[in-house]
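A quick write-up on the structure given underneath.
Throughout, protein chains are lettered first and strands after them, A, B, ... in sequence-line order, and every chain is numbered starting at 1. Source: prediction; values computed, not measured.
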Amino acid sequence: MRHIVIGLGALVVAACGGPGGAGEGTTPAAAAPAAVTPAAAMPAAATFADYDAGAIAGGPGAGKRYGFGRQAAKADIAKWDTDVGPDGAELPSGKGSVAEGERLYMTHCMMCHNRKGEGLPPMYPALIGRDEKAEGFHFASDPKLVKTIGNYWPYATTVFDYVKRAMPLTAPGSLTDNQVYALTAYLLSANKVIAADAVLDADALRKVKMPYADKFVPDDRKGGPEVK
Amino acid sequence: MAKLNRARRAATSPNEGEQGATEGAALSRRDLLAGAAGAVGGALLTGIPGVAGSQGAPAAKARPVVPADPTKVQGAPTSAVGKRTPFFDPARNPTGEVTGNSLTPIEKLSGTITPSDLHFERHHAGIPSIDPERHTLMVHGLVDRPTILTMDDIKRFPQVTRIHFIECSGNGRNAFREPKPDMTPQKIAGMSCNTEWTGVPLAVVLREVGVKDDAKWFLAEGGDACKMTRSVPIAKAWDDAMLVWGQNGEPLRPEQGFPLRLLLPGWEGNINIKWLHRLEFGTRPWMTRWETSKYTDPLPDGTAREFSFEVDAKSIITSPAHPDVLKGKGWRPINGIAWSGRGRVTKVEVSTDGGTSWHEAELMNTPTSKAHVRFQYMWNWNGRESILLSRATDETGYVQPTRAKLVEVRGIGTDFHFNPIYGAKVQADGRVFFHGET
């Protein structure tokens with residue numbers, strides 16, 4: 001039994017019956033994206049020409065395509081693409097104030113995240129809190145320290161992106177952009193990141209710097225004998 | 001109001017994938033009963049003197065009724081869909097809530113393939129109901145041809161079938177922070193599962209849409225109620241990433257991402273986006289909530305590691321384990337699973353004396369990259385208290401560390417990627433308990 005399973009992963013890459021062309025002479029193994037390559041050794045700047053070089057058996061051949069699917073129109077993309085990256089480049093128009101955000105919070109968020117944003121553990125995360133004890137990013141030494149937007153999150157844009165896509169939990173996607181700006185303003189202000197009379201729009205949100213943004217470092221584990 | 005009540009109720013539920021989680025529901029009697037079954041495979045070995053049974057749990061549930069002599073009555077007819085024997089009813093431990101998890105009873109399974117209906121779950125906004133005929137994947141951003149693919153389109157690409165594990169990076173947080181003797185392998189490591197996946201290499205799709213040279217990252221988005229998003233470096237797409245629709249010979253189970261899932265072999269579970277409906281190519285990561293607020297690893301030097309994708313090498317003994325009770329001294333297999341997110345497991349060692357001496361275990365299947373391997377070491381128990389440990393080494397030369405070492409380099413409060421050496425303490429009375437302080 002065990003023998004049947006072995007090696008399948010590396011071998012069964014080649015698929016027959018593609019739309020004609022230059023499969024000849026290609027070994028299945030060559031077509032497999034390297035199955036055992038550790039990430040450290042991954043090609044940094046592979047292009048799809050590299051992939052062509054080990055073309056799929058029977059496939060369309062170098063530089064050619066299968067031609068599946070239909071073109072994604074601007075409207076299709078606009079419908080789904082709501083993401084906002086750390087530079088805020090994709091932020092929509094609209095604006096909202098801390099005061100409006102606080103009102104919205106009390107109506108739409110408080111029942112789960114609690115009156116002061118302290119959360120309801122273990123299910124409902126804390127959003128607000130700048131408790132002295134939890135300042136200074138000592139989370140590794142004490143699992144009881146509660147992470148909040150103010151004492152942990154590296155980017156303010158993440159609040160906007162996440163609330164817009166996922167909150168409130170029971171009615172995701174129901175908030176307008178103005179409401180999301182207002183809620184983001186409230187959460188940032190209550191976390192002592194922006195002033196209590198602030199109004200956020202795309203420009204203002206792009207400028208917000210989070211207190212602990214510089215604490216995040218790339219993963220330096222690489223395998224090998226060192227335990228990190 | 002109904003919603004609110006539900007929300008309040010949920011506040012008592014455990015949530016292993018997140019910070020500050022507590023343990024899942026207490027062990028049921030059924031769990032205890034079935035707990036011994038995992039050891040049966042070992043007892044079938046021939047030529048091993050005096051294999052001791054591990055069926056120590058009392059028969060608290062009525063046993064299924066079968067004929068006294070099955071050779072004297074006609075058997076059951078064929079059936080449309082097979083069922084497990086009534087003598088074996090393994091179960092996950094669901095919390096019944098939408099943002100929770102359910103863990104695989106790994107101590108009850110044999111071999112290396114996790115049955116699909118027992119594969120662990122972890123959801124951030126419940127399991128969506130999706131009609132595969134209406135489901136599409138949109139690929140856009142830095143590509144020559146922004147494209148919408150139907151499931152039919154995706155299945156017309158050349159396919160690959162591979163065996164890989166998926167492990168939630170929150171797997172074992174409670175056992176790491178607060179090891180307790182009554183923890184079962186399900187509780188300790190029940191969020192690592194190994195299955196056979198079928199799909200298309202992501203590289204084929206990248207080639208099809210013409211990914212531009214300046215694309216360095218892509219965003220993968222799920223079609224669930226939180227539209228879960230993670231950023232992935234493009235090198236992974238050219239390496240071994242897949243878009244999968246098949247698992248263990250059938251379509252993905254809804255809780256595993258039906259109809260389409262991103263599979264990034266060896267990388268933490270969360271980034272293997274389920275219900276995948278969008279891929280966007282860009283120049284930088286998006287810093288989503290799931291790669292900033294969560295799935296980052298605080299370290300003792302006051303920093304936090306981000307984009308900690310790879311799963312470090314790990315192993316766990318699944319038999320004997322709590323709540324087994326050994327019925328007497330003698331020969332028995334010490335048996336478990338090992339895996340690494342960086343390639344093949346090359347060695348698993350077992351200690352029966354708490355780490356003073358180590359012995360190389362047999363690898364029961366040929367190890368493949370980023371997949372579970374099962375190991376076994378035949379042990380002659382002398383009836384005295386013994387601490388059993390296992391430790392895995394992978395092809396990069398990484399050796400699974402002790403818990404003390406991991407606490408030293410990561411801190412007790414770190415949030416993800418827990419792979420300490422685990423132990424089982426066998427008492428003189430035969431009872432087995434989790435030994436987490438390695």
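In this structure, the side chain of B/Glu306 does not engage the main chain of A/Asp219 through any donor-acceptor pair within 3.5 Å. A distance-only check finds no donor-acceptor pair linking the side chain of A/Gln71 to the backbone of B/Pro146 [under 3.5 Å]. For B/Thr396 (side chain) and A/Gly223 (main-chain N/O), no donor-acceptor pair under 3.5 Å exists by modelled atom type.
Using modelled atom types and a 3.5 Å distance limit, the side chains of B/Thr229 and A/Tyr162 yield no donor-acceptor pair.
Annotation: maximal heavy-atom pairing with chain B below 4.5 Å, among A/Val227, A/Val159, A/Val84, A/Asp161, occurs at A/Val227. Chain A forms more heavy-atom pairs under 4.5 Å with one residue of B/Leu149, B/Thr292, B/Thr414, B/Thr393 than with any other, namely B/Thr292. With respect to chain A, the highest number of heavy-atom pairs below 4.5 Å among B/Val407, B/Thr288, B/Thr296, B/Val399 belongs to B/Thr296. Chosen from B/Gly411, B/Pro265, B/Gly302, B/Ala313, the residue pairing most often with chain A at heavy-atom distances under 4.5 Å is B/Gly302. No other option in A/Gly119, A/Gly67, A/Ala73, A/Pro125 has as many heavy-atom pairs under 4.5 Å with chain B as A/Gly67.
Look at A/Arg165 and B/Glu221 and you find a salt bridge, because one of the NZ, NE, NH1 or NH2 atoms lies within 4.0 Å of a carboxylate O, short of that distance. Salt-bridge annotation for B/Arg284 and A/Asp87: present, with a side-chain N of the basic residue lying under 4.0 Å from a carboxylate O of the acidic one. Between A/Lys228 and B/Asp297 there is no salt bridge, since none of the side-chain N atoms of the basic residue sits less than 4.0 Å from a carboxylate O of the acidic one.
For B/Leu137, no part lies under 4.5 angstrom from a heavy atom of chain A. For B/Ala125, no part lies under 4.5 angstrom from a heavy atom of chain A. Residue contact with chain A, scored on non-hydrogen atoms closer than 4.5 Å, involves the backbone and the side chain of B/Thr147 alike.
Under the 4.5 Å side-chain criterion, counting only non-hydrogen atoms from C-beta, A/Trp153 is in contact with B/Arg289.
Rounding to the nearest 0.5 Å gives a distance of 4.0 Å between CZ of A/Arg70 and CD1 of B/Ile148. To the nearest 0.5 Å, the span separating CZ on B/Arg278 from CG on A/Asp81 amounts to 4.5 Å. Within the model, atoms CG of B/Asp312 and CZ of A/Arg221 stand 4.5 Å from one another, a figure rounded to the nearest 0.5 Å.
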*Derivation of the salt bridge (charged side-chain N to carboxylate O under 4.0 Å, His left out) call for A/Lys147 and B/Asp415*: CA-CA 11 Å; A/Lys147 300 190 190 73; B/Asp415 267 336; 2.4 Å; yes
*Taking it one step at a time, do B/His140 and A/Trp80 satisfy side-chain contact (heavy atoms from CB on, under 4.5 Å)?*
CA-CA 11 Å; B/His140 70 111; A/Trp80 288 114; over 6 Å; no
